[in-house]
Each structure stands twice: as C-alpha cells, then as structure tokens.
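FYI, the numbering just counts along the sequence from 1. None of the values given here were measured: they were computed from a predicted structure. All values below were derived from every heavy atom in this structure, side-chain atoms included, with hydrogens, water molecules and symmetry-related copies excluded.
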Amino acid sequence: MAALTAAAGLVLSATPAHAIPAFTPGAAGAGDPYFPDMGNGGYDARHYDIALTYRKDRSITARTRITATATQHLSRFNLDFLGPLTVHSVTVDGTAAAFRRTGAQELVITPRRGLVKGRTFTVTVTYSGIPRRIEDDALGVSGWVATDDGAVALNQPFGAATWTPVNDTPADKASYAFALTVPNDLQALANGEFAGRRVHGGQSTWRWRMPQPMASELAMIAIGRYDITAGRTPSRIPNVTAIDRNLLTSPEQARSFHELTEEITEWGADTFGRYPFGATGGIVDAVGVGYALETQGRPVYDRKGRPGINPGSSLVAHEIAHQWFGDSVTPRHWRDIWLNEGFATYAEWLHGEQHGGATAQERFDGLYATPADDELWQVEVADPGRNNLFAPAVYDRGAMTLHMLRREVGEERFFALVRDWYARNRDGNVTTADFVRHVKRYGDPARLEALLRTWIGTTGKPAL
Ligand SMILES: [Zn+2]
C-alpha cells in the first residue's frame with residue numbers, strides 16, 4: 001500500500017482497502033525468453049504517432065506520441081529506448097512525467113497520478129541525437145543504419161528502440177503514423193500508405209500511415225535520394241516502389257522492380273487471400289546489412305554494391321509473402337519465427353513451381369539429401385534458440401514441414417489450410433501451438449500432430 005500512496009497521491013484513511021486499486025509498476029520486459037529486456041508489461045500500445053526531423057549532419061529531432069491502454073493499475077511503466085539519443089521531455093496526457101533511463105534499454109516513466117486499469121492514455125516523448133545501429137554477433141546489423149545519402153531503420157529482431165521509444169515486442173501490435181521531415185533534396189519513406197508531402201522552406205515533410213496493427217520489428221523509415229514509382233496493382237492496391245539513385249542504372253530497372261512487386265502482390269492475394277494492407281511496394285537501397293526485410297507494406301532490399309541488379313522474383317516472393325505470414329499473422333514469441341520464415345520460404349517454392357522453376361517437391365528432395373549431421377537437422381525449428389533465429393533450419397526445414405503437410409492432406413486441403421490460417425489470424429498474434437491446433441482440422445489429428453512434432457518439435461533427420 002505504500003506504493004499506492006506514493007504513486008497515486010492518494011491519502012488512505014478509513015476507506016476499505018478493496019475499494020482502492022493497488023497501483024504497481026509495469027514489468028520491464030514482455031516475458032519473451034529469448035529477449036527478456038524487450039517489451040514491457042502493464043499496458044497495450046494502440047497507436048504510435050512519430051514526427052521525426054532528419055538533418056544533413058545525420059542527427060534527428062523527434063517526438064513520439066503513443067496512445068496506450070493500461071492493463072493493470074499502473075504506478076509507473078517502461079518504454080524501450082536506447083542511447084545515445086537524449087530524452088528531453090516526457091508527458092502523460094499532457095502533464096509532465098518523471099523519467100529515468102536504466103538497464104539495457106528501459107525508459108522508466110512515472111506519471112503524476114497512477115493510471116487506472118482500462119484507461120487509455122497518451123505518452124509523449126521528445127528526443128534528439130544521432131541514432132546508432134546495433135551489431136549483434138549472431139543476428140547481424142539492425143536499428144538505425146546510416147547510408148551514403150541518409151539512413152534506413154530496420155528493426156528485426158530489435159532496433160526500433162534505436163530511433164523511437166517503443167513497446168518493443170511483436171506481441172503488442174499497434175497502428176502507426178509517420179511525419180518525416182528531411183532536406184528538400186532527400187525523400188523519406190515509411191510503412192504503408194502515402195498520406196501527403198508538404199514543402200516548407202528548405203525541407204519537406206512526408207507523411208505515411210499504417211492503420212493495420214504492426215509489430216515494432218516491422219516498422220521502417222528510409223531516407224535518401226530515391227527514384228520513386230507510384231501506381232496501383234490491377235486490383236487497385238497502391239504500389240510505391242523506390243530505388244536508391246546510386247543503384248539505378250536505367251529507367252527500365254525502376255519499371256521492372258515496380259512491375260515485379262505488383263505481380264507478386266497480386267499472386268500473393270490469389271494464393272493466400274486478400275492483401276492485408278492498404279499499400280504495397282518495396283525499397284531497393286545500399287544499406288550494407290546483407291539482407292532483405294519484410295517491413296510492413298513495403299519491404300526493404302539491401303543491394304549495396306550491386307548497381308543495376310534488382311532483387312529476383314524468389315526474393316520478392318519471400319518478402320511479399322511475409323505480408324501475410326509474419327506481418328499480418330505475427331508470432332507472439334520469437335521462438336515461433338518459423339511461422340514467418342517457413343511460410344515465406346515455401347512461398348518462394350510455390351511461386352517458382354508456378355512460374356517455370358523447380359517444383360516444390362524437387363526443392364524438398366534437394367534439401368532432404370542434406371547429410372544427417374548437417375546443422376539443418378540439428379536445430380529445433382519451433383524453438384531454435386536466440387542465436388539461431390535466422391538459422392537455415394528455420395527457413396528450409398520450416399518450408400519442408402509445410403511441404404510434408406501438403407503431401408499429407410492433399411492439394412486442395414493444403415491451400416485451404418494456408419488461406420484459413422491467414423483469414424482466422426489476420427492482424428493478430430499466434431503461437432506454434434495455435435498452428436498445430438489449426439492443422440489438426442485438416443486431416444487425421446493424431447497423424448498431423450505427429451508429423452508436426454517430428455518436423456518442427458525435434459532435432460535429427462526425420463525418416464520419410
Ligand atoms: Zn524471411
């Protein structure tokens with residue numbers, strides 16, 4: 001009760017204890033065993049409104065306003081936020097709040113009064129500095145990555161906290177709005193739908209919005225000198241693609257990337273169900289991270305050192321398929337990332353076999369020939385471990401699992417299974433246990449459960 005008195009500023013007297021809520025601090029982590037510091041407890045973030053100004057000296061000045069709902073009586077709560085950015089102010093519902101920074105990435109905020117469970121509040125943080133990137137021995141480069149002509153923010157599995165205060169867990173999805181102000185000779189892109197551009201003085205402000213729920217790991221900002229192509233797909237989905245001007249060697253290159261994105265977005269909708277978001281697209285940039293990322297509504301493809309060479313149809317099929325599997329249907333915990341990567345890899349196989357490439361069976365057979373002592377068989381797909389998040393087993397054995405399901409239940413039921421998985425879980429969070437329950441509806445439950453246990457729940461090369 002001491003915490004209550006201090007935090008809520010209430011005076012306890014003869015009032016029965018049960019009539020007064022006990023205000024307690026929100027947890028400093030979201031409970032993900034792979035990343036205990038990531039995310040926080042005690043509230044549900046609903047919306048991020050991010051206004052960020054980028055300058056030629058690579059510094060930013062920004063204001064992030066988060067709308068959240070308390071899920072407990074909160075005396076204080078945390079956001080994830082990394083140095084070296086400086087926090088200037090924090091308000092809760094417009095009133096200055098006390099804050100301190102502690103631990104690996106905690107911004108601890110104590111509002112003037114406790115927040116009652118169920119109450120929706122806004123927390124506004126102003127900050128500035130030169131954001132940094134994260135270099136992780138096992139998981140590579142992420143966060144705010146400086147490029148020759150600007151910066152790209154890529155957040156998987158962590159990195160959002162390098163440029164915005166955030167509840168950095170895929171379990172807490174929220175809508176986003178971006179107002180990005182850059183010097184006039186640069187462009188600024190982000191997730192989702194274009195919402196306008198305004199020129200003022202030597203700067204321009206670019207607005208983008210993602211009204212569907214988005215995990216922080218899928219938020220994206222790209223600032224640089226781009227050649228931008230805007231259009232609509234045949235089913236009227238806005239398509240905005242951009243290529244770094246230093247990587248662009250011909251107008252045909254921009255057109256071909258735009259058309260490939262359009263074609264694969266339509267293919268995805270035909271194969272998996274309605275496209276999940278209000279816009280599609282892609283960004284080709286010289287980032288130097290060595291990967292492409294399925295940032296929501298608009299993937300980023302790193303092509304550093306490869307001017308004139310667009311990402312191929314297999315890679316685009318992978319990243320666009322993630323819009324359904326990973327982005328719209330999002331694992332709650334990082335150990336279940338095979339639900340993203342297995343599906344996206346299998347989408348490569350499907351797209352390939354429907355467009356004159358190897359069949360999925362041939363891809364499966366090629367991988368199955370991998371020797372039994374290979375790492376492919378030594379990682380447990382549905383719990384690979386923090387450092388194996390991006391191990392080949394997660395991708396390839398994940399895709400092989402889906403192929404085994406296809407063989408078991410047959411063509412028609414398999415595609416129904418995949419489409420229904422999306423339809424039932426659109427905009428939500430899922431676990432592997434949810435997937436197992438789902439799959440068991442499409443055939444002999446015991447056989448299907450055993451198949452999944454063998455392929456994703458154990459190590460060792462399964463017998464066929
Ligand atoms: Zn992927």
Side-chain angles (χ1 to χ4, degrees), residues 27 29-41 44-45 71 139 155-158 167-174 212-218 272-273 276 294 296 321-347 379-391 393-402 404-405 408-409 414 416-443 445-459:
D32 194 301
Y34 288 9
F35 302 101
D37 294 318
M38 288 180 70
N40 306 282
D44 172 12
T71 55
L139 303 175
N155 307 330
Q156 192 182 71
F158 34 54
N167 192 28
D168 201 9
T169 165
D172 188 6
K173 296 164 72 165
Q212 286 81 21
M214 176 164 75
S216 48
E217 56 122 345
L218 300 166
F272 306 127
E294 64 269 24
Q296 189 157 313
H322 269 310
Q323 303 305 312
W324 286 261
F325 307 108
D327 294 14
S328 183
V329 181
T330 308
R332 184 174 299 280
H333 303 114
W334 282 104
R335 66 168 173 261
D336 294 326
I337 193 171
W338 84 274
L339 290 168
N340 300 5
E341 301 305 346
F343 275 82
T345 304
Y346 200 63
V379 170
E380 188 181 320
V381 175
D383 193 3
R386 187 252 191 221
N387 289 348
N388 281 326
L389 220 49
F390 305 128
V394 171
Y395 292 69
D396 294 337
R397 193 167 163 174
M400 294 174 86
T401 304
L402 294 173
M404 287 299 294
L405 281 177
E408 170 68 22
V409 304
F414 174 75
L417 179 160
V418 170
R419 293 173 70 95
D420 292 350
W421 174 242
Y422 164 65
R424 286 168 184 267
N425 297 296
R426 184 176 175 162
D427 291 336
N429 284 109
V430 290
T431 64
T432 294
D434 295 330
F435 185 69
V436 173
R437 266 193 298 277
H438 175 75
V439 164
K440 285 161 71 179
R441 298 190 181 108
Y442 294 83
R447 275 180 66 95
L448 289 165
E449 185 161 14
L451 184 155
L452 287 173
R453 193 182 314 113
T454 301
W455 279 87
I456 60 173
T458 63
T459 58

Which atom of N340 lies closest to which atom of E294, heavy atoms considered: ND2-OE2, 4.2 Å
Contact summary for R386 and F35, nearest pair of heavy atoms: NE-CE2, 3.6 Å
Residue pair T431 / D336, side-chain donor-acceptor N/O under 3.5 Å: no
L139 side chain reached by L389 side chain, heavy atoms, under 4.5 Å: yes
4.5 Å side-chain heavy-atom contact, E217 and P157: no
Heavy-atom donor-acceptor pair, D32 side chain to W334 backbone, under 3.5 Å: yes
For P276 against S328, the heavy-atom pair lying closest together: CB-CB, 3.7 Å
Audit row: F435, W338, side-chain contact (heavy atoms from CB on, under 4.5 Å) steps and yes/no: CA-CA 11 Å; F435 185 69; W338 84 274; 3.6 Å; yes
Close side-chain approach of V439 to L452, heavy-atom, < 4.5 Å: yes
From CA spacing to verdict: side-chain contact (heavy atoms from CB on, under 4.5 Å), V409, L448: CA-CA 9 Å; V409 304; L448 289 165; 3.8 Å; yes
Criterion side chain to side chain donor-acceptor pair (under 3.5 Å) on Y34 and N388, from CA distance to verdict: CA-CA 10 Å; Y34 288 9; N388 281 326; over 6 Å; no
Distance, nearest 0.5 Å, that separates CG of D396 from OG1 of T401: 10.5 Å
Min side-chain heavy-atom separation D44-D172 under 4.5 Å: yes
Nearest atoms (heavy-atom pairs only) where S216 meets T169: OG-N, 3.7 Å
CG on L402 to CG on L417, rounded to 0.5 Å: 8.5 Å
Distance-minimising heavy-atom pair for V379 and P384: CG1-CB, 3.6 Å
Point-to-point distance, once rounded to the nearest 0.5 Å, from CE of M400 to CE of M404: 8.5 Å
Donor-acceptor contact below 3.5 Å, side chain N167 vs main chain N40: yes
Under 3.5 Å side-chain donor-acceptor pair for H322 and Q296: no
Mutual orientation of the aromatic rings belonging to F414 and Y346 [parallel < 30°, tilted 30-60°, perpendicular > 60°]: perpendicular
Aromatic ring pairing F325/F272, orientation class (parallel under 30°, perpendicular over 60°, tilted between): perpendicular
Derivation and outcome, side-chain contact (heavy atoms from CB on, under 4.5 Å), residues L405 and W455: CA-CA 10 Å; L405 281 177; W455 279 87; over 6 Å; no
Value rounded to 0.5 Å, distance of CD in Q156 from CZ in F390: 4.0 Å
Check against side-chain contact (heavy atoms from CB on, under 4.5 Å), V418 and F343: CA-CA 9 Å; V418 170; F343 275 82; 4.2 Å; yes
Value rounded to 0.5 Å, distance of NZ in K173 from OG1 in T330: 2.5 Å
G326 to L218 - nearest heavy-atom pair and separation: O-CD1, 3.8 Å
Spatial distance of atom CZ (R437) from atom OG1 (T432) [nearest 0.5 Å]: 10.5 Å
